Amino acid sequence: MASIEKIVHERILILDGAMGTMIQQYNLEEKDFRGERFSDIQGQLKGNNDLLCLTRPDVIQDIHRKYLAAGADIIETNTFNSTRVSMADYHVQEYVREINFAAVRLAREIADEFTSLTPDKPRFVAGSVGPTNKTCSMSPDVNNPAFRALTYDELAADYCEQMEALLQGGVDALLIETIFDTLNAKAAIWAAEQAMKATGKHVPLMLSVTVSDTAGRTLSGQTLEAFLASVQHADIFSVGLNCSFGARQLKPFLEQFACRAPYYISAYPNAGLPNSLGKYDQTPADMAHEIREYIREGLVNIIGGCCGTTDAYIAEYSALVAGVVPHVPASAPDNLWLSGLELLEVKPENNFVNVGERCNVAGSRKFLRLINEKKYDEALSIARQQVEDGAQVIDINMDDGLLDARAEMTTFLNLVASEPEIARVPVMIDSSKWEVIVAGLKCLQGKSIVNSISLKEGEENFLEHARTVREYGAAAVVMAFDEKGQADTYERKIEVCERAYRLLVDKVKFNPHDIIFDPNILAVATGMDEHNNYAVDFINAVGWIRKNLPGAHVSGGVSNLSFSFRGNNYIREAMHAVFLYYAIREGMDMGIVNPATSVLYTDIPADILERLEDVVLNRRPDAAERLIETAERLKAEADAAKASGTGNVQPVNSQLSWRENSTVEDRLKYALTKGIIDYLDEDLAQALEQYPKAVDIIEGPLMAGMNHVGDLFGAGKMFLPQVVKTARTMKKAVAILQPVIESERKEDSTSAGRVLLATVKGDVHDIGKNIVSVVMACNGYEIIDLGVMVPAETIVQHAIEEKVDMIGLSGLITPSLDEMVHVAIELEKAGLDIPLLIGGATTSQLHTALKIASVYHAPVIHLKDASQNATVAARLMNPKQKEELVEDLSTKYRQLREKNGERQVSTVSLEEAKKNKLNLF
Ligand code: THG
């Protein structure tokens, strides 16, 4: 039988549509999901679609059959959530292996049945591997950005278990899909490779990303180009996009993949955009019309459907793909690709990449002190400053005898991941301890650089390290060390580099572009004659490497060169400028430097330049002495100038210009938008003098800042990690004001009312709810906060016991809409009469009117953002105003119901949908 790999050259392959949408049509009940077999499992099983592989295999096979009958070449196993970590939500994690195994059998049987009917159109089974319910790159705890709910190792182990079962079951491909966090995806890729090795079954690996914002980034903030760099190490069959938006909105992002990715391209969009009720209502013909463009423009090799699609949609595709020439993959990049949240392509014409050296406990006393004292915020500022100063990569080193380097590396990298301005750039993990490097690799979603590997401990150790670097998908600095020690002459440098290159390229199949040689920059002008030629030897070695070891790059720790001139920064920086001038000419294309350096080669006065060049180029035996003389003269002059007060005043830091000539409101707004916490104390103190009450600051300038962030996000001008950072800043601001608010409240201590708040079951998001909680507390309400993932029964029970005056429900994701309806039904059943407030992303006035208010007789009010809560609550607490509010609402809701009557609610605009979906507050 022809393989997927062969057929993909010949025609566009059709993938099936959504499993969830199809399952919904069967109106299954809890008992269907549970069967006899799981009667003892606690909690609800309804919604655990994958479990149907065991309890309703007939339904799953029926769906597979429908998709194959509709023309699908590839069907996906019903295993999107079949990992231990996801199944644990339903207490059925022990059945993971069995579910995956059964899922393959169900799909395999029907696929083979169809193949035997039409052997010229063989049908394939792709093992579906979802992103799981947790993210490795982001913290679910706003107060602790270094926290991770799941580690790389745990996730990789879970994926191994799933993929081994899928492979043993007999899938034809593995499809890692709905990728929203590249670190999760890298763990899955790693696991796929391990599982293929363990089972001896090699199948094509397909990747499919979902973009989360209009700027086309993943949820964890990476651009699609950055993603491609992150997964470049893997043996990939196809990449593509699924879910996210409808076909039209997905197209520009698909184009990015199609023109850059050296793989086949897949796409399986949703059936348009969700409407305000979270439903998809594009017709099969509408969707086909948009998909036709993909096909006509040669963008795709594999086409299918995601949320909202059924066999009716897939049935449209056969006619579209008939006789069409499939997409031809782009050629593999001929440059070094690195990434953080963004791609860094090291191209010959870019000349030179600055790697910031300052986040190094061995290279900066200040950084060491900050890490020792666990002042991570300030330590992060050092990283941020370097990026602002132009560092394109940051080197991070925690090697210090008194530190737990591995733990510090993990903490710091996790913190960096939540700072979008820093995480934008790739990281160079710098350690002489291998375990620290491996720990670092497990924290980074981007394509990083390992600093370093070498032949110091022999070939075997070198090869093993190199293989690990490759497996994790990083580039590597290769130091010119071997069993004999550090290469310090030209001959030794090229000998060691050549040997390392051959081993890496021939034995490990390392991509030559991922090799970054460091032929050792050693200190010159030390007073020892044997050191005098160090710079010359380095520069000559650079030229040799670039000519003889194709693809490889050259870097080095530039500040090492000038250790003898410690204390005289001008001479040091000038010496670096001279050195780089010559080394870059020979092809050095990267260097670990202090990015704040301001001395330019062309600005060095001729007399000093001559002496510096004498040293760097080893032009005369007394070069060092003469430079020391010059250095001492400069130092004396500088000291004298300082003493007489004519020395240069420190230039004003341009980064702080936002603080000049601005109102306190502007500064707070700026700080919130940019996520800067450093000046909150100062600015809030000033605001407290200007505003009568602390709570007015929250409702005024702080809320204004948050709304501004919401607007920027809606417009695609900010991406999620940045937004999360602003939320963190908001929390911090509120925490600063809290004591003042408490003391103000004591003066007027009667409670304005009792409010129960909860994020509904199935949802863990609480940034918005927490802000509401603070705003309401500030307004004198007593808050009973039940936290996140709160089941309806708990809400009802507490509402009764605590005698609350109103209930606020929050949710960020689409399934929360249904859960809110469920809560309203339970409140009604319990005979309660407590007003219900609805808020959070995906919620809308329309959904509230049509679906929630209609099942609960008490007032149900949708709130657009946290700033509205206090006003609405006040109206609810006043009997007369409440009556008016109820009347307003019922008119408005009636109009909405009439307008949207029986027919489906029309699709909202892209802007609206994104704003709804992603309005975090
Ligand atoms: N090659 C590779 N990696 C490296 C080096 C290298 N990593 C570490 C180091 N060498 C490069 N980094 C630095 C960082 C700082 C300094 C030198 C090299 C430095 N620091 C000041 C000093 O020691 O005088 C400290 C001043 C302060 O405390 O602020 O010079 O070669 N692959």
Side-chain angles (χ1 to χ4, degrees), residues 353-372 378-379 381-383 385-386 389 391 393-400 405 409 426-434 436-437 440 448-456 465 469 474-481 486-488 493 496-497 500 514-526 531 534-535 537-539 541-542 545 552-577 579-580 583 588-597 599 631:
V353 171
N354 278 299
V355 181
E357 66 172 22
R358 310 305 305 171
C359 290
N360 181 342
V361 292
S364 158
R365 275 166 299 236
K366 182 171 173 198
F367 190 73
L368 175 62
R369 175 177 60 77
L370 295 173
I371 297 299
N372 260 325
E378 280 182 68
S381 298
I382 294 187
Q385 188 63 50
Q386 293 192 90
D389 287 337
V393 176
I394 47 171
D395 180 85
I396 298 177
N397 183 315
M398 296 289 180
D399 287 351
D400 178 272
M409 183 63 83
V427 170
M428 180 181 265
I429 311 167
D430 187 348
S431 176
S432 51
K433 294 190 201 117
W434 189 243
V436 177
I437 286 181
S448 341
I449 306 170
V450 161
N451 181 11
S452 58
I453 59 173
S454 81
L455 283 157
K456 191 163 27 181
H465 287 179
V469 173
V477 171
V478 180
M479 297 293 302
F481 268 81
Q486 173 156 288
D488 53 0
K493 289 176 202 284
V496 178
C497 291
D514 287 347
I515 305 173
I516 301 163
F517 281 113
D518 183 334
N520 303 320
I521 299 181
L522 303 168
V524 291
T526 58
H531 298 169
Y534 276 168
D537 283 334
F538 180 93
I539 292 166
V542 174
I545 291 169
H553 302 268
V554 183
S555 173
V558 177
S559 300
N560 306 345
L561 184 76
S562 60
F563 275 145
S564 332
F565 292 89
R566 278 186 163 147
N568 190 326
N569 275 343
Y570 177 77
I571 286 290
R572 286 190 74 174
E573 291 185 12
M575 189 189 270
H576 302 158
F579 173 82
L580 285 174
M588 179 178 183
D589 54 358
M590 245 186 209
I592 308 174
V593 298
N594 181 351
T597 274
V599 181

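Just so you know, ligand 1 is whichever comes first in the structure, and atom 1 is the first atom listed for that ligand. On a predicted model such as this, the values are computed, not experimentally measured, just so you know.
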Inter-residue atom distance [X].[atom1] - [Y].[atom2], 0.5 Å rounding:
X	Y	atom1	atom2	answer
Ile396	Phe367	CD1	CZ	6.5 Å
Gln486	Asn520	CD	CG	4.0 Å
Ser559	Asn569	OG	CG	9.5 Å
Asn360	Met428	CG	CE	11.5 Å
Phe538	Asp518	CZ	CG	6.0 Å
Phe565	His576	CZ	NE2	10.5 Å

Open item on the list: Please evaluate residues Val477 and Ile449 with respect to the criterion side chain to side chain contact (heavy atoms under 4.5 Å, CB included), reporting the C-alpha separation (whole Å), side-chain torsions for both, the decisive distance (0.1 Å), and the verdict.
Closed with: CA-CA 7 Å; Val477 171; Ile449 306 170; 3.7 Å; yes

Starting from [atom], which protein heavy atom do you reach first, and at what distance in Å?
atom	result
atom 29 (O) of ligand 1	Arg358 NH2, 2.7 Å
atom 1 (N) of ligand 1	Asp518 OD2, 2.7 Å
atom 21 (C) of ligand 1	Gly363 O, 3.5 Å
atom 10 (N) of ligand 1	Asn560 OD1, 3.4 Å
atom 13 (C) of ligand 1	Glu357 OE1, 3.6 Å
atom 30 (O) of ligand 1	Arg572 NH2, 2.8 Å
atom 22 (C) of ligand 1	Arg566 NE, 3.4 Å
atom 17 (C) of ligand 1	Ser559 CB, 3.4 Å

Open item on the list: Students often mix this up, so state it plainly: with edges at 30° and 60°, are the rings of His465 and Trp434 parallel, tilted or perpendicular?
Closed with: parallel

Show me which atoms of ligand 1 lie under 4.0 Å from any heavy atom of [X].
X	answer
Ser364	27 (C), 28 (O), 29 (O)
Asn360	8 (C), 12 (N)
Gly557	1 (N), 6 (C), 31 (O)
Val477	32 (N)
Asp430	3 (N), 4 (C), 7 (N), 8 (C)

- [ ] Please determine if Asp395 has a nitrogen or oxygen closer than 3.5 Å to a nitrogen or oxygen of ligand 1.
- [x]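 N/O-N/O distance below 3.5 Å does not exist for this pair.
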
Open item on the list: If I apply the N/O under 3.5 Å rule, does Arg365 come out as touching ligand 1?
Closed with: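 Among all N and O atoms of Arg365, at least one is under 3.5 Å from an N or O of ligand 1.
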
Open item on the list: Applying a heavy-atom cut-off of 4.0 Å, say which part of Asn397 lies close to ligand 1: side chain, backbone, both or neither.
Closed with: neither

- [ ] Of the side chain and backbone of Lys366, name the one, both, or neither that has a heavy atom under 4.0 Å from an atom of ligand 1.
- [x]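 Neither part.
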
Open item on the list: Under 4.0 Å, counting heavy atoms only: does Ser452 come that close to any atom of ligand 1?
Closed with: no

Open item on the list: Heavy-atom contact check, 4.0 Å cutoff: does Phe367 meet ligand 1?
Closed with: no

- [ ] Taking all non-hydrogen atoms of both residues into account, name the closest pair between Val478 and Ala500 and its distance.
- [x]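 In terms of heavy atoms, the two residues are closest at CG1-CB, 3.9 Å.
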
Open item on the list: How close do Asn451 and Ile437 get, counting heavy atoms only, and between which atoms?
Closed with: O-CD1, 3.9 Å

Open item on the list: My understanding is that only one of Ser454, Ser432, Pro519 makes a side chain to side chain contact (heavy atoms under 4.5 Å, CB included) with Met479; could you say which?
Closed with: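 Filter result, single survivor: Ser454.
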
Task: Partner of Met398 by side chain to side chain contact (heavy atoms under 4.5 Å, CB included), out of Asp430, Ile429, Ile371, Val436 - done: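 Of the listed residues Asp430, Ile429, Ile371, Val436, the side chain to side chain contact (heavy atoms under 4.5 Å, CB included) partner of Met398 is Ile371.
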
